[in-house]
There are 2 protein chains.
Amino acid sequence: MAERTHVTLQDVARAAAVSPATASRVLNGTAKVRDDLRERVQDAAGRLAYAPNAHAQALAGASRPTVGVICHDVSDPYFAVIARGIMRVAGDNGLLVMLASTFRDADREVAYVSMLRAQRAPAILLIGSGFEDKTWERSLAAELGPYLRGGGRVAVVSRHRSLRVDSVLPENRAGAAALANALLEMGHRRFAVLAGPRALTTVADRIAGFRSALAGAGVPLSEEDIVECGFTRDGGYAGMSSLIDRGMRATCVFAVTDVMAIGALTALRDKGLSVPGDVSVAGFDDIPIVRDLTPPLTTVALPLEQLGEQAMELALRENSGRRSRIVRVEGRVVIRESTGRVRS
Amino acid sequence: MAERTHVTLQDVARAAAVSPATASRVLNGTAKVRDDLRERVQDAAGRLAYAPNAHAQALAGASRPTVGVICHDVSDPYFAVIARGIMRVAGDNGLLVMLASTFRDADREVAYVSMLRAQRAPAILLIGSGFEDKTWERSLAAELGPYLRGGGRVAVVSRHRSLRVDSVLPENRAGAAALANALLEMGHRRFAVLAGPRALTTVADRIAGFRSALAGAGVPLSEEDIVECGFTRDGGYAGMSSLIDRGMRATCVFAVTDVMAIGALTALRDKGLSVPGDVSVAGFDDIPIVRDLTPPLTTVALPLEQLGEQAMELALRENSGRRSRIVRVEGRVVIRESTGRVRS
DNA sequence: CTGAAAGCGCTTACAG
DNA sequence: CTGAAAGCGCTTACAG
């Protein structure tokens, strides 16, 4: 490998025949400098293609303008929309944003937090449901605590409360309950649920909300009606397929995320079943693509972009109180053509 | 804001009653240290929740394990799959990956490169078509050149060659030509193209390939048959809508990306036209979601994940030669149900 | 306004 | 094996 050789402030100062201090002041605009010196410095910097060493700057006390955002998978459309909101607010505040995917690997998540902490990033955002996992939470808290005490800002979206940091929380229970009520209203009485891992708080909350609304109407939802499958499009496909294979009795299937519902719809198509003719399907989140499906998907719409905006704003705005702030965000049931009335 | 106060190596060393040098050696495992000292250091570090300052480490010469990846929009499914490939290879090599979205803003792109350069990231990857824009290219080259000379690694995907860096290039012309031939074979003779900005090299190449294959068969493609619209799902929707409104004569529409084709399909559905009954639709890229559309989309499949893997590998593998390396990647036509034969 | 100097928190030869 | 010291490249009081 070629020698790593960099142009330094020293080099620029020397070329401009000024002190490093003066060169620094010119390049950062932190103080008035005589015109001719300023020009010489700018000239030299341009000529030498000088790029300041961010590490040295940071070490010397300059502030870092790059916030870190950690999610499970940037390619998940749910996250993608949230990220857009985060970046909008960050951009408005002159901040750059760098994203990382953990693929739900706890170690990797801690590694990213640790790296961001080591880099003294001004803020860290954690997006997406956490696991009900004490060990994981503890090692995460072990990173986050000192980071916060050191002046770092943290905000999370959809994360279990026990982290005790500023949070944006979708009303998963209420949203799922509202959806259940809408489906009951359409005449459905036999349901199945495509669930992701139950240890995910988001999954648990959505199932609980859905189930309690059904219970309120005297409609049971047994454990057999709940298929636990991957929290992905392929998971939804597999879950729906097995549901069909074992002889589904449900008139309506609730997939706990739109992404899973997409897989479910394709599984139904592949098995030759029609939606909503043979069975109705509903999801949760309202990611943009569901409008392009055939039929368009009934779902609980979360203001995803706002979720991201609010999280970034929480991280930006000083928390004057002594306890963590929580912003709760409501979902709204959107009925589209993937669900139909039951002919009685 | 709370005082930013951090635990330093000094603090750990003091607490363990050793020198900073020894503490450093223990924490990095760079040299043998007597067992009792080692334990004292590890104890102290744990107790104080010590996190090394990455800036100081970097400045002192340690290597940085985080590569930067810059794309137009992480939420674009095309990029998402490529990113997965990048991350797989990076993970195998013990590297962390941070992603950034530019939203096609040249200034922002340069800002990210500059930041990564300032941070002395070991490698920078640029993903996605560039504009045919000299000014942009120049300012980018002004950052990349010194970065490379300083020992940084750069690799790009789908980027115009003039940057003169290691590249992974999909065979856009050949792929589009093969698609055109397949469609001709199905009996189509009247085509329309939904194109993104012509200044994007990817768009220009795909149109050129498509058109030249048609020309080879004596089928003209006039400028009026090409609708220039946004390089997004909404662009495809708008482009298709206007095509319909002005009285489309084509039997087959080629959208230069799958993402645009998705919008086109929905526009057709909204106008009450059936695919492929009334009109056939084809895309390019083969992003995963197109299998879930109804009907599934005919397209040119690019091995997207491999594109990312190869780019990361280029950045990792020393370039012994004096010129930049180019990896060309072929597309493969995949006929699905969104295209049909023309009954003659 | 400008410069010399100290200091940010590490790592790594260099001595012992 | 261990420690004192120099140095990485900046910024910012502190003097002038």
Side-chain angles (χ1 to χ4, degrees), chain A residues 3-42 44-45 48-65 114-115 117-121 146-147 150-151, chain B residues 3-42 44-45 48-65 114-115 117-120 146 150-151:
Chain A
E3 288 300 301
R4 254 204 180 241
T5 164
H6 292 286
V7 176
T8 70
L9 224 216
Q10 277 282 5
D11 299 328
V12 174
R14 198 149 29 212
V18 299
S19 72
T22 297
S24 170
R25 289 191 269 253
V26 170
L27 266 12
N28 296 301
T30 47
K32 315 274 92 151
V33 171
R34 223 170 57 210
D35 285 2
D36 56 326
L37 296 194
R38 180 153 33 76
E39 280 178 20
R40 264 151 52 192
V41 171
Q42 283 165 337
L48 302 175
Y50 169 69
N53 182 322
H55 295 300
Q57 291 183 309
L59 198 54
S63 67
R64 295 121 309 226
S114 172
M115 183 210 80
R117 181 183 164 206
Q119 287 195 151
R120 304 293 187 263
Y147 174 71
Chain B
E3 287 300 300
R4 253 204 180 242
T5 163
H6 293 286
V7 176
T8 70
L9 223 216
Q10 276 283 5
D11 300 327
V12 174
R14 199 149 28 211
V18 299
S19 72
T22 297
S24 169
R25 289 191 269 252
V26 170
L27 267 12
N28 296 301
T30 46
K32 314 274 91 149
V33 171
R34 223 171 58 211
D35 284 2
D36 56 328
L37 296 195
R38 178 151 34 76
E39 280 180 20
R40 263 149 54 190
V41 170
Q42 283 164 338
L48 302 175
Y50 169 69
N53 182 322
H55 296 300
Q57 291 183 309
L59 198 55
S63 67
R64 293 121 310 226
S114 173
M115 183 210 80
R117 181 182 163 206
Q119 286 194 160
R120 304 293 186 263

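A, B, ... follow the sequence lines: proteins, then strands. Residue 1 opens every chain.
By the side chain to side chain contact (heavy atoms under 4.5 Å, CB included) test, B/Ala31 is found to be paired with B/Arg25, residues two or more places apart in sequence or in another chain being considered. In this structure B/Ala17 satisfies the side chain to side chain contact (heavy atoms under 4.5 Å, CB included) test together with B/Arg40, sequence neighbours excluded. Residues satisfying the side chain to side chain contact (heavy atoms under 4.5 Å, CB included) criterion with A/Ala13, sequence neighbours excluded, are A/Val18, A/Pro20, A/Ala23. B/Arg38 is linked by a side chain to side chain donor-acceptor pair (under 3.5 Å) to B/Asp35, counting only residues two or more places apart in sequence or in another chain. By the side chain to side chain contact (heavy atoms under 4.5 Å, CB included) test, B/Ala44 is found to be paired with B/Val12, B/Ala15, B/Ala16, B/Arg47, residues two or more places apart in sequence or in another chain being considered.
A 4.5 Å side-chain heavy-atom check between B/Leu27 and B/Leu9 finds at least one atom pair inside the cut-off.
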Restricting both atoms to N or O, compile the protein contacts to nucleotides 13-16 of chain C shorter than 3.5 Å, with distance only.
residue : atom : partner : partner atom : Å
C/dA13  : N6   : B/Arg25 : NH1          : 3.4

Please tabulate, one pair per line, each protein N/O and nucleotide N/O from nucleotides 6-8 of chain C that are separated by under 3.5 Å, including the distance.
residue : atom : partner : partner atom : Å
C/dC8   : O2   : A/Leu59 : O            : 3.2
C/dC8   : O2   : A/Ala60 : N            : 3.4

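A distance of about 16 Å separates the C1' atoms of C/dT12 and C/dG16, rounded to the whole Å.
Between A/Gln57 atom CD and D/dT11 atom P the separation is 5 Å, expressed in whole Å. Rounded to an integer number of Å, the gap from A/Arg117 CZ to C/dC10 C1' is 16 Å. Rounded to whole Å, atom C1' of C/dC10 lies 13 Å from atom CG of B/Asp11. The CD atom of B/Gln10 sits 9 Å away from the P atom of C/dC10 (whole-angstrom rounding). Remark: P of C/dG9 and CD of A/Gln119 are 17 Å apart, rounded to the nearest angstrom. The nearest whole Å value for the distance from the OH atom in B/Tyr50 to the P atom in C/dG9 is 10 Å.
Sorted by first then second residue, the side chain to side chain donor-acceptor pair (under 3.5 Å) pairs that include residues 51-61 of chain B, not counting sequence neighbours, are A/His55-B/His55. Sorted by first and then second residue, the pairs that involve residues 9-23 of chain B and meet side chain to side chain donor-acceptor pair (under 3.5 Å), not counting sequence neighbours, are B/Thr8-B/Asp11, B/Asp11-B/Arg14, B/Ser19-B/Thr22.
Near-neighbour residues of DNA chain D inside residues 27-38 of chain A, defined by a heavy atom below 4.0 Å, number-ordered: A/Asn28. Only at 4.0 angstrom or more do the heavy atoms of residues 12-20 of chain B sit from any atom of DNA chain C, so none qualifies.
Of all heavy-atom pairs spanning A/Ala56 and B/Leu59, the tightest one is CB-CD1, 3.8 Å. Shortest non-hydrogen contact noted between B/Tyr50 and A/Arg117 is C-NH2, 4.0 Å.
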- Item | Pairing pattern in dot-bracket form [Watson-Crick, G-U; both distances under 3.5 Å; | = partner strand] for DNA chain D | |||.||||||||.|||
